[in-house]
Amino acid sequence: MENKQIVKWNIEQSKKEIQKNLLKDNLIIFFTGILEDSKVYRNPNFYGRLKEMYGLLFPYSDKENTKEIFKELKNSDLNSREGLILDSKEKDYLSRFLKSLDENCRLKNKEKLKEFERILEDLVKKYLSHSHKDIEPYIIGKLISSVGGINNLYRMPSSTIQLIGAEKAMFRHIAKKRPCPKYGLIYYSDKIKQSKNKGKTARQLANKLAISIRQDYFQNFAR
Amino acid sequence: MMRNLTTAAEGEIFIMKNRKNQEWNPYTSKWKAALEKNLNVGLKGDESILYLGASSGTTVGQISKLTRGLIFAVENSPQMAIRLVKLAEKKENIVPIFSDARNTEYLKKAIFGKKINILFQDIPSADQIKILGNASGIVDKECKIFLSLKTQSISQKDYKETAKEIEKRLVENFEIIQKSDLYPFHKKHFFYVLRKIIKK
C-alpha cells in the first residue's frame with residue numbers, strides 16, 4: 001500500500017475507536033464540576049467547563065476562543081457526528097443549563113443549583129445504579145472526577161478508594177512515619193458523619209463501593 | 001541539507017533554520033534531551049519510526065520535519081489521541097494509531113508490513129520492559145531501539161539500583177550500545193540505545 005492510503009485508513013479507524021471510548025461518565029464529571037465551582041467561588045463563570053464539553057461533542061473542530069464556543073453551543077442542536085452521542089434526555093439537561101446562563105456565562109439565578117443537583121442524581125441513578133445505594137451522588141461524582149474517569153476508578157482496590165483525596169497525609173505517613181489517615185473524600189458522606197467509630201465505617205463503606213463500582217462499570221460502560 | 005544530527009549544536013542549527021511554530025524543548029521531550037546528552041540518536045532523513053506512547057504529539061510533530069518516512073504514533077487515552085489525530089491531519093507523514101501498545105496483533109495490522117528502522121518507547125508503567133520485548137517482535141533485525149526509562153514508576157527505591165536491576169533483565173534480549181542519565185532535564189530518567197540479539 002502507498003503511504004497516503006496507510007495514513008487515511010489509520011485516521012479513519014482511530015476516529016471510530018476514539019468515539020467508542022468516549023464514555024458517558026464525562027457528563028457526571030461535568031455536572032459535579034459545576035456544583036463544585038459554585039460552592040468554592042461566589043459567582044464563577046463557566047467558560048472553561050463548557051470548553052471541555054465542547055471538546056467532547058465536537059472533537060476535531062479548530063475553535064479555541066472560549067466566547068465563540070459559548071455562542072456556538074447556545075445555537076447548536078447538540079448533535080455530534082464524531083464525538084460523544086447524547087440521548088434526548090441528556091440533550092435536554094445540557095440545553096437547560098445553557099439557558100440558565102447570562103451573557104457573561106454566569107448563572108442568572110442561584111436557585112437553579114438545586115435543579116442541577118437533581119439532574120446529577122438522575123444521571124447517577126441511570127448509570128451508577130448500584131453505587132447510588134451506598135453513597136451520595138455528589139461524592140461519587142467527586143471520586144470519579146478526581147481520578148479522571150470511571151475507567152481508572154474500577155481498577156482500584158478498596159483501600160485506595162478509602163484514601164482518595166488524602167494523598168498528602170498518606171505520603172507523609174510513608175516518608176516521616178506520622179499517623180496513617182483513615183478516610184479521604186468519603187468522609188463527607190452521611191454514613192460516616194453520623195457514626196461514632198468513623199475509621200471502621202469508612203473501611204466498610206469503601207469495601208462496598210469497590211464491589212458496586214465494578215458492577216456498574218461492567219453493566220453500563222464496558223464494551 | 002544537513003540531515004545527520006549527531007550533536008546538540010547541529011540539531012539546534014537545523015531547527016532554527018526550519019522553525020515555523022515551536023522550539024524543540026529538552027525539558028518536555030526526552031528525545032531532545034538525549035540529543036543534548038550526546039547520544040547517537042540522530043536521523044538520516046528516510047527512516048520510518050514506530051513511536052509507542054506518543055501522547056498529544058509534541059515530539060512526534062518535531063520529528064516529522066526531520067524524516068520523509070512514516071511515523072506510526074501509538075496512544076491509548078482518548079483525550080490525548082484526539083489532539084494526535086488533529087496533528088496528523090495537518091502533516092503528511094504521521095500515522096495515528098489508537099490502541100494499547102500491548103496489543104501487538106492490531107499494531108501489525110495497522111503497519112501494513114512497512115519496514116521499521118527505529119523503535120522508540122516512552123510508556124511510564126511498571127511493565128515497561130515487557131511491552132518493549134513484545135513490540136520488538138514486530139520490527140526488523142537491524143532496527144535501532146530507543147528506550148526512555150522512568151525508574152520512579154517501577155519502584156520507589158534508590159533510582160540507580162532499580163536501573164541496575166532492569167539492565168540485568170534487558171541484557172537477556174538486547175545488546176546495550178549506549179546509555180545515559182537525563183539529569184538536568186528529567187529527574188530519575190535513563191535513556192538507552194539498544195539492538196536486538198539474534199538467537200540461533
Side-chain angles (χ1 to χ4, degrees), chain A residues 1-26 29-30 48 51-64 80-85 144-145 147-153 155 167 170-176 221-223, chain B residues 21 46-51 54-57 60 64 67-101 103 105-117 125-127 152 155-158:
Chain A
M1 271 174 106
E2 284 184 21
N3 288 356
K4 276 188 181 179
Q5 285 173 321
I6 294 174
V7 174
K8 204 181 174 187
W9 187 85
N10 270 304
I11 285 178
E12 280 177 11
Q13 198 67 23
S14 48
K15 272 183 181 177
K16 275 181 199 167
E17 290 289 313
I18 286 169
Q19 196 180 20
K20 283 178 194 168
N21 271 286
L22 291 173
L23 302 177
K24 292 281 176 68
D25 64 338
N26 287 308
I29 293 174
F30 176 73
K51 195 182 174 184
E52 279 174 27
M53 200 68 226
Y54 183 80
L56 293 170
L57 294 176
F58 310 103
Y60 304 105
S61 76
D62 288 330
K63 283 191 177 170
E64 295 221 330
S80 77
R81 279 181 198 170
E82 293 169 323
L84 190 72
I85 296 171
I144 291 172
S145 66
V147 174
I150 199 164
N151 249 333
N152 299 328
L153 188 65
R155 287 201 191 96
E167 283 87 359
M170 185 64 200
F171 287 115
R172 201 195 298 138
H173 162 68
I174 294 171
K176 297 177 183 175
F221 293 99
R223 52 186 184 98
Chain B
N21 304 322
D46 50 357
E47 290 98 334
S48 51
I49 301 167
L50 177 61
Y51 195 111
S55 177
S56 60
V60 171
S64 72
T67 73
R68 271 165 269 128
L70 288 178
I71 301 167
F72 297 95
V74 182
E75 175 55 39
N76 194 23
S77 120
Q79 258 92 346
M80 291 290 137
I82 285 169
R83 290 194 213 167
L84 192 65
V85 172
K86 268 189 198 175
L87 184 75
E89 281 174 341
K90 285 175 193 169
K91 314 226 168 183
E92 287 178 356
N93 59 348
I94 296 175
V95 186
I97 300 173
F98 181 78
S99 152
D100 197 332
N103 187 358
E105 283 182 13
Y106 183 81
L107 289 184
K108 260 188 190 176
K109 194 179 154 193
I111 286 170
F112 287 102
K114 279 266 168 189
K115 191 187 174 186
I116 282 167
N117 307 104
S125 80
D127 56 344
Q152 202 69 5
S155 84
Q156 262 96 45
K157 285 184 205 167
D158 182 34

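Each chain gets a letter, A, B and so on, in the order the sequences are listed, and its residues count up from 1.
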Which bit of B/L70 is near chain A, if near means a heavy-atom gap under 4.5 Å: side chain, backbone, both or neither? side chain
For the backbone of B/K115 and the side chain of B/S48, can you confirm whether one donor and one acceptor N or O come within less than 3.5 Å of each other? yes
Could you tell me whether the side chain of B/L84 reaches within less than 4.5 Å of the side chain of B/F98, counting heavy atoms only? no
Ranked by heavy-atom pairs below 4.5 Å to chain A, first place among B/I82, B/I97, B/N93, B/I94 goes to B/I82
For A/K8, which atoms come within 4.5 Å of any heavy atom of chain B: side chain, backbone, both, or neither? neither
Can you give me the closest heavy-atom contact between A/Y60 and B/V85, atom names plus distance? CE2-CG1, 3.7 Å
Provide the closest heavy-atom pair for B/S64 versus B/K91 in the form atom of the first, atom of the second, distance. OG-CD, 3.4 Å
A/N152 versus chain B, the contacting section by heavy-atom distance below 4.5 Å: neither
B/K114/B/V95 under side-chain contact (heavy atoms from CB on, under 4.5 Å): CA gap, chis, key distance, verdict: CA-CA 12 Å; B/K114 279 266 168 189; B/V95 186; over 6 Å; no
Is there a donor-acceptor contact under 3.5 Å from the side chain of A/N26 to the main chain of A/L23? yes
Portion of B/E92 that has a non-hydrogen atom of chain A nearer than 4.5 angstrom: backbone
Best-contacting candidate, B/A110, B/G113, B/S77, against chain A by heavy atom pairs under 4.5 angstrom: B/A110
For chain B, the option from A/N3, A/L22, A/L56, A/V7 that forms the most heavy-atom pairs under 4.5 Å: A/N3
